[in-house]
Structures are given as C-alpha cells and as structure tokens.
**Student:** 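Sharing a structure, written as structure tokens. Questions coming.
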Amino acid sequence: MTQDDRQTFANQVYAIIAAIPVGKVITYGQIAKMAGMPTYIRQVCFVLRHLPKGSKLPCHRIINGQGRLSVTGDSYLKYKLKLISEGIEFNQKDKIDLRKYGWYN
DNA sequence: TAAATGACTTGAG
DNA sequence: CCTCAAGCCATTT
C-alpha cells in the first residue's frame, strides 16, 4: 500500500460520498464496492473517521448495513436530525428503510 | 516485527 | 431485537 494508493482510495470515497443524492443514504459496503475495493470496509471506516473537520461532505448519509447510524457519541443525534430534515424517515427502532432510501440498493 | 484498533459485516443463538 | 464471535485490512502503537 503506497501513499498514492491510499490517497486514491480516499479520493474515491470522497467522490462517492459527495455524489449521494439528497434524501438517500449509502452503506459502508456500497462505498467500498463503488470504490472498486469490496473488502475495504474497514478502510472506508477509517477514512470517514478521519474526515477533515471542515469537510463539506454529507457524511451523515452514511449508515451501516442494518440501516442504522454507526456514529458514536453525540453526533449521532445531529446526523439523525439532518437526515430527517432531508426527508429520510426512521422507524421506531431508529432504523432507516434501505429498500426505500438506500442509494442503488 | 508483532499486537491493538476501528463510524463494519455476516451469521448463529 | 440483542449479544457474541469470527473475518476483515490499513493504520497506529
């Protein structure tokens, strides 16, 4: 894994996230696949966790395969509210219907 | 060089 | 629905 490879992967992840339509969400697995690295789930995770603070990427639209937010800490609630304001609904178990809101399910 | 870590996933109980 | 275990792989210690 060279510096360039890592940079390229990160850039692809950024590009994909930036392309998520309003009112849709995407899972880690989807991102990895779209970036051409289906097994790099952990790296997607790593990239997201180390997003630049001032990033304008809609990282709140990224959820886990169960349709739940994977964010830890207080940002969980913030993300949830943003999603709701974008038209995404949560069921009583705080889950999102991927069949309806998932991007390219 | 080896061990620990993480915004994950899938499957079993 | 929830918890646990194993698999995952670059980055950090």
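Worth knowing before you read on, the calculation uses all heavy atoms, side chains too, and leaves out hydrogens, waters and symmetry mates. Chain identifiers are assigned alphabetically (A, B, ...) following the order of the sequence lines, protein sequences preceding nucleic acid strands; residue numbering begins at 1 within each chain.
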**Student:** What is the distance, to the nearest angstrom, from the CZ atom on A:Arg42 to the P atom on C:dC8?
**Tutor:**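 From A:Arg42 CZ to C:dC8 P: 12 Å.
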**Student:** Round to the nearest Å and state the distance from A:Leu48 atom CG to C:dC9 atom P.
**Tutor:**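 Those two atoms, CG and P, are 18 Å apart.
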**Student:** Please compare A:Gln66 and A:His60 by the position of their nearest nucleotide in DNA chain B and report the one closer to 5'.
**Tutor:**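 The residue whose closest nucleotide sits nearer the 5' end is A:His60.
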**Student:** Between the side chains of A:Lys80 and A:Asp94, is the shortest nitrogen-to-carboxylate-oxygen separation below 4.0 Å, so that they form an ion pair?
**Tutor:**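 Yes, A:Asp94 and A:Lys80 are salt-bridged.
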**Student:** Specify the separation, in whole Å, of atom CD1 of A:Ile26 and atom P of B:dT9.
**Tutor:**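 To the nearest whole Å, that distance equals 12 Å.
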**Student:** Output yes when at least one side-chain N/O atom of A:Lys93 is less than 4.0 Å from OP1 or OP2 of C:dC2, else no.
**Tutor:**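 For C:dC2, OP1/OP2 do not have a side-chain N/O of A:Lys93 under 4.0 Å.
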**Student:** Please give, in whole Å, the distance from C:dT12 P to A:Gln43 CD?
**Tutor:**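 Atom CD in A:Gln43 sits about 11 Å away from atom P in C:dT12.
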**Student:** Whole-Å distance between B:dT5 C1' and A:Phe46 CZ?
**Tutor:**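 To the nearest whole Å, that distance equals 10 Å.
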**Student:** Just to confirm, is there a sub-4.0 Å distance from OP1 or OP2 of C:dA10 to any side-chain nitrogen or oxygen of A:Arg6?
**Tutor:**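 So the side chain of A:Arg6 is outside the cut-off, no N or O lying under 4.0 Å from OP1 or OP2 of C:dA10.
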**Student:** With a 4.5 Å heavy-atom cut-off, do A:Leu98 and A:Ile63 have their side chains touching?
**Tutor:**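 A:Leu98 reaches A:Ile63 side chain to side chain.
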**Student:** Phosphate oxygens OP1/OP2 of B:dC8: is one of them under 4.0 Å from a side-chain N or O of A:Ser70?
**Tutor:**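 For B:dC8, OP1 or OP2 has a side-chain N or O of A:Ser70 closer than 4.0 Å.
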**Student:** In terms of side-chain heavy atoms of A:Asn64, which of B:dC8, C:dC9, B:dT9 is nearest?
**Tutor:**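 So the nucleotide nearest the side chain must be B:dT9.
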**Student:** Do A:Glu86 and A:Arg61 sit within salt-bridge range, that is, some charged N less than 4.0 Å from a carboxylate O?
**Tutor:**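 Salt bridge flag = yes for A:Arg61 with A:Glu86.
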**Student:** With nearest nucleotides of DNA chain C determined for A:Lys95 and A:His50 from heavy-atom distances, which residue corresponds to the more 5′ nucleotide?
**Tutor:**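 Looking at DNA chain C, the more 5' nearest nucleotide goes with A:Lys95.
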**Student:** When we call it a touch if two heavy atoms are under 4.0 Å apart, what does A:Tyr28 touch: a base, just sugar-phosphate, or nothing?
**Tutor:**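 Counting heavy atoms under 4.0 Å across all strands, the contact made by A:Tyr28 includes a base.
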**Student:** Do A:Asp74 and A:Tyr79 get their side chains close enough for a donor-acceptor pair, meaning under 3.5 Å?
**Tutor:**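 No, no side-chain donor-acceptor pair sits under 3.5 Å.
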**Student:** Given C:dC8, is OP1 or OP2 found less than 4.0 Å from the side-chain N or O atoms of A:Tyr40?
**Tutor:**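 No, A:Tyr40 has no side-chain N/O under 4.0 Å of OP1/OP2 on C:dC8.
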**Student:** Taking CZ from A:Phe9 and P from C:dC9, how many angstroms apart are they, rounded to a whole number?
**Tutor:**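 That distance rounds to 12 Å.
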**Student:** Whole angstrom is fine here: how far is it from CZ in A:Arg68 over to P in C:dC1?
**Tutor:**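 So the CZ-P distance, A:Arg68 to C:dC1, works out to 8 Å.
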**Student:** Is it the case that the side chains of A:Asp5 and A:Thr2 hold a donor-acceptor pair, with the cut-off being a distance below 3.5 Å and no angle test?
**Tutor:**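 Yes, a side-chain donor-acceptor pair sits under 3.5 Å.
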**Student:** Nearest whole Å is fine: how far is C:dC1 C1' from A:Asn91 CG?
**Tutor:**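 Whole-Å distance recorded here is 11 Å.
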